[in-house]
Structures are given as C-alpha cells and as structure tokens.
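Sequence positions, counted from 1, serve as the residue numbers for this chain.
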Amino acid sequence: MSDTGRASTARQLFASSHPGPTVTVTVLATVIAVAVGHPWWTVVLVALTVVAGQLSIGLANDWIDADRDRAVGRSDKPVAQGLIAVGTVRRAAFGTALASVVLSLFLGPVAALAHLVLVAAGWAYDAGLKRTVWSVAPFVVAFGLLPVVAVSAGPDGAWPAWWAIATGAVFGVAIHCTNVLPDLVDDAATGVRGFPHRLGLRGAGVTAFGALVVAALLVLGGQVVGDEPVRGVGVVLAVLGTVMVVALAGVGVRLVLAGRASRVLFRLVIVSSLVLVVELGLAGARLVA
C-alpha cells in the first residue's frame, strides 16, 4: 500500500473511532491524573491506555453496526459509505483492544482492573446491550470507573473520593442519553430500543440534563464539604463551575422541550464535563480518598 493509501486508511479509521468521545474521555482522564499529582510518565501512560481503550470501543461500534448504519444511510460513518472495509475496522478494533490490555498492565493492579472492566463495558454495549433497557449500564460503569483509572494509577493504587466515582457514574447517564437522541428515528428503524429510546426524546433529554445537574452538585459538595475542602479562590471556582454547568443544563432542557434532538445536546454535556474537570484541577480539591 502506498503512503497515500495508508494515510487515507488511517483517516477513515480515526473517523470510525468516534473521535469526539474518544478524545474527550482521554482528556478527562489525563486532567484528573494531572490534578492528583501523578508524575508525568504516569500521566502519559494513563492517556495512552485510555485512548487505546476508547479507540477500540469506537471502532468496534462501527464494525458491529456496519450493516445497520448502511441500511439507514449514515453519511457520517466511513464503513456505511464504503470508504473503508469492515474487516479493516474489525482488525483495528481488536488491535487497539489488545494494546489497551497490555498498557493497562503497567498502570498497577487497581487501575488495570478498573480499565479492563471499563473497556469490557464499552464492548458489551456495542455487542448488544445497546438494544436493551440496560443500555445505560455500561455508561454508568465505565464513567464511574474512569476516575479510578486516573487516580489509582501507580504502585500505591489509592482510590478516588467516593463523590468522584459517583460523579462519573451520573455523567454516564447524561452522556448516553444525549448521544443517542439524534439517532432515535434511525435506531427505531433497525430495532434498537435502549434505555433512552424507551423514555422518548423529552423523557431522555430531561433525564440527561437532570443527571448533569446532579453531577455538578456532587462535584461542588465534594469540593466544599469533603475531607479537605477548598478555601478562598477554590470556593469561587467551585461555585462558578457549578453555575456554568447548571446554565448549560438549562439550555439543554429548553432545546429538548422544544423537540430539538441535535448533536448540540451531546456537546453541551461534553463541555460541562470539561468545565468540571478543569475546575477540579484549578481549585485543588482532594480527589484521593
């Protein structure tokens, strides 16, 4: 294969990996790892491990859903458009999954086990749970474990504060619901009836942004009344971050009630997650239990 052909394949594989969520989850884990004071090599290892796992989940999703995406004419899916072979995506999914397993082993026992379960949850969703009422469970598990991976990396394996795990789990609900909403019609046509589908547009949307507010309040509570509460400027940052997220949730609810199921809803949740994790790093809250 020529260099041009390899570059084209790499581009299509990246497009098939759900790059937005993949990059976002990796950034979240990396910022948390920095916030707890890990040395740079541990931070890099966390980032590489998480990105490998997320690439595998995204690629597996497009490989497994290739026929379904083709049937509904998904123009954002390279496999559905015939721009890349299903077999190529499948091999890349297994290859990045293997890489994530190998890299996990260097994180330390606690973080390694957490990450392996996280990736397994993502693959379980891709393989069939997305079609059931339990579709939200992999997201709750995976995002609840993400702080464990980032905080527990290293030989000591210290656990994150309980509220950090709870925040991740609640975020999982918001992320799952808003990510699915724009695809409700296509999913219905191909027999997918997960948790958000059963709630409907407005029910799932209100649930998602309600979960987002709960996550923001958990972070605020963890910072101001936790074991080592923040003081001074840290309190201001904590309150400011919470207000911003609640405002974003309000925008989301308004769009949902107006019947607008666009990708904007998912982006609101992503932006909110980045606001809270950056706020945590700047405010200096203790994330280790």
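Between the Thr22 side chain and the Pro19 main chain, no donor and acceptor come within less than 3.5 Å of each other. At distances below 3.5 Å, not a single donor-acceptor pair connects side-chain atoms of His38 with backbone N or O atoms of Gly154.
Here Lys130 pairs with Asp65 in a salt bridge; the nearest charged N to carboxylate O distance falls below 4.0 Å.
Linking Ile, Leu, Val, Met, Phe, Trp and Tyr whenever their side-chain heavy atoms come within less than 4.5 Å leaves Leu83 and Val86 in two separate clusters. Linking Ile, Leu, Val, Met, Phe, Trp and Tyr residues whenever their side-chain heavy atoms come within less than 4.5 Å leaves Val34 and Leu28 in two separate clusters. Cluster membership for Val214 and Val253, using ILVMFWY side-chain heavy atoms within less than 4.5 angstrom, is shared. Both Val31 and Val219 belong to a single network of hydrophobic side chains, linked directly or stepwise wherever heavy atoms of I, L, V, M, F, W or Y lie under 4.5 Å apart. No single ILVMFWY cluster, assembled from side-chain heavy atoms under 4.5 Å apart, contains both Val27 and Val43.
Counting only heavy atoms from C-beta outward, the side chains of Val213 and Val245 never approach each other to under 4.5 Å. Put simply, the side chain of Leu268 does not reach to within 4.5 Å of the side chain of Thr178, judged on heavy atoms. Residues Phe209 and Val256 have side chains in contact (heavy-atom distance under 4.5 Å, counting atoms from C-beta outward). Side-chain contact between Arg193 and Arg131: absent, with no pair of heavy atoms (C-beta onward) separated by less than 4.5 Å. Using a 4.5 Å cut-off on side-chain heavy atoms (C-beta onward), Phe266 and Ile175 make contact. No side-chain heavy atom of Val141 sits under 4.5 Å from any side-chain heavy atom of Leu118. Within the 4.5 Å cutoff, no side-chain heavy atoms of Asp126 are placed close to those of Trp63. Looking at Val119 and Gln54, their side chains never come closer than 4.5 Å, going by heavy atoms from C-beta outward.
From Trp163, atom CH2 reaches atom CG of Leu217 across 13.0 Å, with rounding to the nearest 0.5 Å. Going from atom OG of Ser100 over to atom CG of Leu116 covers 7.0 Å, rounded to the nearest 0.5 Å. Separating the CD atom in Gln223 from the OG1 atom in Thr242 is a distance of 7.0 Å, to the nearest 0.5 Å. Interatomic distance, CG of Leu199 versus OG1 of Thr207, reported as 5.0 Å (0.5 Å rounding). Interatomic distance, Asp62 CG to His18 NE2, rounded to the nearest 0.5 Å: 4.0 Å. Ser272 contributes atom OG, which lies 6.0 Å from atom CZ of Phe171 (distance to the nearest 0.5 angstrom).
No option in Lys77, Arg11, Gln12 other than Gln12 meets the side chain to side chain contact (heavy atoms under 4.5 Å, CB included) test with Ile84.
Through direct or relayed side-chain contacts under 4.5 Å between Ile, Leu, Val, Met, Phe, Trp and Tyr, Trp134 connects to Leu129, Val133.
The distance between the ring centers of Tyr125 and His176 falls below 6.0 angstrom.
Heavy-atom minimum distance, Ala150 versus Val36: O-CG2, 4.3 Å. Here the closest heavy-atom approach between residue Gly252 and residue Leu265 is recorded as O-CD2, 3.8 Å. Nearest heavy atoms, Leu181 versus Gly200: CD2-O, 4.5 Å. Of all heavy-atom pairs between Pro138 and Ala121, the closest is CB-O, 3.2 Å. Nearest heavy-atom pair across Leu107 and Ala112 is CB-N, 4.1 Å. Closest of all the heavy-atom pairs between Pro147 and Phe143 is CD-O, 3.2 Å.
Within a 6.0 Å radius of CZ in Arg254, no more than 12 heavy atoms belonging to other residues, nucleotides or ligands are found.
When only modelled atom types and interatomic distance are considered, Thr49 and His115 share no side-chain donor-acceptor pair under 3.5 Å.
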message: Quick one, Val44 with Trp40, criterion side chain to side chain contact (heavy atoms under 4.5 Å, CB included). Give me CA distance, side-chain angles, the key distance, then yes/no.
response: CA-CA 6 Å; Val44 171; Trp40 69 266; 4.0 Å; yes
task: For the pair Ser152 and Trp159, evaluate side chain to side chain donor-acceptor pair (under 3.5 Å) and give the outcome as yes or no after the intermediate values.
output: CA-CA 6 Å; Ser152 302; Trp159 278 80; 5.4 Å; no
